[in-house]
Structure formats: structure tokens, C-alpha cells
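What follows is one structure encoded as C-alpha cells, with my remarks underneath.
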Amino acid sequence: MSYAQKLDDVALLLDELEGLEPAVGSGAALEIALSQIEEDPGQPRRNFDQAALEELAASIRERGLLQPIGVTKKQESGKHRIVFGARRFRAASLAGLRTIKAMIQAGQADDPYDQMVENIQRDDLSATEIAAFIEARLRAGEKQKDIARRLAKSKGFIAMHASIGQMPHVLRDKLSASPLRAVYELYQLWKRDAARVEEFCAQHESFSRPQAEAFIEEAPAKPNQNDDAEPATEHIIRGEPSLPQPTKNETKHGAAGLPEGEFVPAAQRKSASEVIMRVRHEHRGGRLILGRVSKRGSHFGIVVFDDHGEEAQVLLAELALVEIRMHEPL
């Protein structure tokens, strides 16, 4: 066989291979033309920092792309769709690359959690972007506990982000420079004392969690009127049904013989059994104190931890109920 004929055979083979899809989930990174890749219109990231993209592009020019992006098999458009790595894709384009290392992902191309999980793991999303995703899933009929499971996050993480949509603008505006937990705890105080919190926000362009906690501890105790009049929409966002409250004549009694939802002084319940609620928080066991209201609002509880006997005011959504038992008085 002549050399020219061998070249013709190789060219014919390449023609036959062109357009064939590489193996899905093979673990090997492929070089795919940027022109054959499209971004996902449902991408959870809404804001791309241009300066950060330029820095990443400069790094790619210098060292190449260190980690491949993830894409689907070709869609109806004839292009691969990005599952994760939209920022790297944009930076590669800025760097002048014509191809990019990519891995074709197995599974459903339209699973909304794929990009979300990857971006959360990389800490690539803002609190408002995560909140928008969670709100969309709640409106789609999903439960908070199911969202937490699929994102591999705690129920407290979901509850805090779900609350962002109910926050006033004065607090939402602080999320870009202040930690979400600090803003969330101020939100609980805002429900009781909006003017005081808004004054604090006006005096601080940003704040840390210790700053917010110190401010909350100094706040005078007030009845949480806004908590009593929470709109039904907030209960829906948290995945909790809005239940009618019993009237005075319909007061229910719990297992200990005490009115549910009502604090009874110890002097009036000496003969009643005491309810002990065992809880767990971040691998620490403890007991939830009943009959005392947290200064941080009705979304917090007071827990006495077993290890050092210290008391802490903890977000209720972050507590796991371990045991409920009765302690008979001596």
C-alpha cells in the first residue's frame, strides 16, 4: 500500500469518526471547541465579577486550564450545555482559547441541582443567588427538608436563605458585605424593633456576626408583635402550614397536663410532670429549655449543652430533636 493511499485511509477514518459522541462519564477530559458549548439559561449564578474573570483569564493564559468544566451530551441545539464551570468557560473565552477541557456528565441534563451543588461547594454563589434558587424550588412544591437533602445542607441553611425574600431592603442590602447569619439574626430583631435595627444598619456599611450579636444582646426586650402577625406566605416559604390557633375556650392540653403554647410558672405546675426535650446541634448534645424566651426572637431557643453546661441561644431550625421524655417530680 502506497503512502498516499495510507493517508487517504486515515482521512476516511477521521471523517467517519467526526461527530461521534465520546463516552459519557468515562472520567477522561476532552478538548471541545468553545463554539460547540452553550451556557445553561437556568444557571444559578447571576453575577460574574469582571475583574475576577480577567484574573482567571490571565492565569489560564499563563498556566492553562487546571480543572475541566462539566457539560452535557449535545442538546437539540447541537451544542453541549454547561453543567458546571460557567466562570471558567467565560475566562477561557477571554483568554482567547478556541477549545476547552470538558467532561461529559451522565444523568439528566435538566436537573436544576447539578450546577447548584457544584457552585455551593466552591462557595461561588452569593446569598441572594442561593435564596433565589431555594425560593424557586419551594414554589415548585418541594419541601425544605428535601431541598436540604439534595443540596447536602442543614435545614438551618435552607431556612436562613429562604427568609431573605421576606427581609426589608435595608437588611438585604447588607448581604453583599456582611455574613448571612448576622443579617438573619438582625432580621429576627427587626420584627420586634424595626426602627432600632434600621438605625444600626444606617450606622454600619457592613458588620460581623459578633457585632450583630452584641447589638442584639443590648436591645431591650419587646413583645414580638410581628411574629404573632406573620403573613401566611412566610409559613409557606418555610414549608410550614399556617394552622389556626385555638381560642381561649378551645385551649389544648399537652401530655404534661399544661396548656400548649402557654408558659405556666413553676409554682403552678409542681404536681405536673416536667417535659424534657433532648436536642443535638452540630454534634453537641443538650437540653432545650422550655418556658424561657430567647432574646433573639421566636425563631431561637435556649439550649444547655452537656459538655460544659453552657447556655446558648440557637436557631431552632438548626436543632435536631433527639428525645422527649417525662421527668416525674420527687
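- In this structure, the side chains of Arg196 and Glu218 come closer than 4.5 Å at one or more pairs of heavy atoms.
- Evaluation of the salt bridge (Lys or Arg N to Asp or Glu O under 4.0 Å) test over residues 152-172, restricted to residues two or more places apart or in two chains, returns none.
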Could you walk me through whether Arg292 and Glu311 pass salt bridge (Lys or Arg N to Asp or Glu O under 4.0 Å), step by step? CA-CA 12 Å; Arg292 285 172 59 192; Glu311 285 191 5; 3.1 Å; yes
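- Between Glu39 and Arg90 a salt bridge is recorded (basic side-chain N to carboxylate O distance below 4.0 Å).
- Under the 4.5 Å side-chain criterion, counting only non-hydrogen atoms from C-beta, His281 is in contact with Phe305.
- The backbone N or O of Leu65 sits nowhere less than 3.5 Å from a side-chain atom of Gln67 that would complete a donor-acceptor pair.
- Taking CG from Asp306 and CZ from Arg280, the interatomic distance works out to 8.0 Å, rounded to the nearest 0.5 Å.
- In this structure, the ring of Phe207 has its center no less than 6.0 angstrom from the ring center of Phe215.
- Val279 and Val304 are members of different hydrophobic clusters when ILVMFWY side chains are connected at heavy-atom separations under 4.5 Å.
- Counting heavy atoms from C-beta outward, Ile302 and Val314 have side chains that stay 4.5 Å or more apart.
- In this structure the side chain of Gln36 never reaches within 4.5 angstrom of the side chain of Thr99, judged on heavy atoms.
- Contact of the His80 side chain with the Ile32 side chain is registered, since non-hydrogen atoms from C-beta on lie closer than 4.5 Å.
- Arg284 and Asp307 are joined by a salt bridge, as a carboxylate oxygen and a charged side-chain nitrogen come within less than 4.0 angstrom of each other.
- To the nearest 0.5 angstrom, Lys74 atom NZ is 11.5 Å from Glu38 atom CD.
- Counting only distance, with no hydrogens or angles, the side chain of Thr72 and the backbone of Arg81 share a donor-acceptor pair below 3.5 Å.
- For the ring-ring contact (aromatic ring centres under 6.0 Å, His included) condition, the pairs that include at least one residue of residues 160-180, sequence neighbours left out, are Phe157-His161.
- Using a distance-only test at 3.5 Å, with no hydrogens or angles considered, a donor-acceptor pair links the side chain of Gln211 to the main chain of Ser208.
- The CZ atom of Phe89 lies 4.5 Å from the CG atom of Leu34; values are rounded to the nearest 0.5 Å.
- Note on residues 173-182: pairs passing side-chain hydrogen bond (donor to acceptor under 3.5 Å, both in side chains), not counting sequence neighbours, are Arg181-Glu318.
- Here CD of Gln144 is found 10.5 Å from OG of Ser154. Values are rounded to the nearest 0.5 Å.
- Closest approach of Ile216 and Leu189 over heavy atoms only: CG1-CD2, 4.1 Å.
- Within 6.0 Å of CD in Glu217 there are more than 12 heavy atoms belonging to other residues, nucleotides or ligands.
- In this structure, Val83 and Val71 have side chains that are not in contact, with every pair of non-hydrogen atoms separated by 4.5 Å or more.
- Below 30°, between 30° and 60°, or above 60°: for Tyr184 and Phe300 the angle between ring planes is between 30° and 60°, a tilted geometry.
- With sequence neighbours excluded, the residues forming a side-chain contact (heavy atoms from CB on, under 4.5 Å) with Arg287 are Glu274, Ile276, Arg278, Ile289, listed by chain and number.
- Between Phe133 and Leu151 there is a side-chain heavy-atom pair separated by less than 4.5 Å.
- The two residues Met116 and Ile130 make their nearest non-hydrogen contact at CE-CA, 3.5 Å.
- In this structure, Glu129 contributes its side chain and Ser126 its backbone to a donor-acceptor pair below 3.5 Å.
- To the nearest 0.5 Å, atoms CD (Glu135) and OG1 (Thr128) are separated by 11.5 Å.
- Using a 4.5 Å cut-off between side-chain heavy atoms of Ile, Leu, Val, Met, Phe, Trp and Tyr, with links allowed through other members, Leu288 and Val322 fall into different hydrophobic clusters.
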Show every donor-acceptor pair shorter than 3.5 Å between a side-chain atom in residues 51-64 and any protein atom, with sequence neighbours excluded, or say none if there are none.
residue: Arg61; atom: NH2; partner: Leu94; partner atom: O; Å: 3.0

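- For the pair Glu213 and Glu185, the minimum side-chain heavy-atom distance is below 4.5 Å.
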What do the steps show when you test Lys101 against Ile69 for side-chain contact (heavy atoms from CB on, under 4.5 Å), and what is the final call? CA-CA 7 Å; Lys101 293 178 183 177; Ile69 67 172; over 6 Å; no
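- Using modelled atom types, no side-chain atom of Arg137 and backbone atom of Ile147 make a donor-acceptor pair closer than 3.5 Å.
- With rounding to the nearest 0.5 angstrom, the CD1 atom of Ile134 is 9.5 Å from the OG atom of Ser163.
- Chaining together hydrophobic side chains whose heavy atoms lie under 4.5 Å apart leaves Leu66 on its own.
- Residues Leu186 and Ala212 share a closest heavy-atom pair of CG-CB, 4.1 Å.
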Begin with the C-alpha distance, continue with both residues' side-chain angles, and end with the deciding distance and a verdict on side-chain contact (heavy atoms from CB on, under 4.5 Å) for Trp190 and Glu198. CA-CA 8 Å; Trp190 176 88; Glu198 289 170 7; 3.1 Å; yes
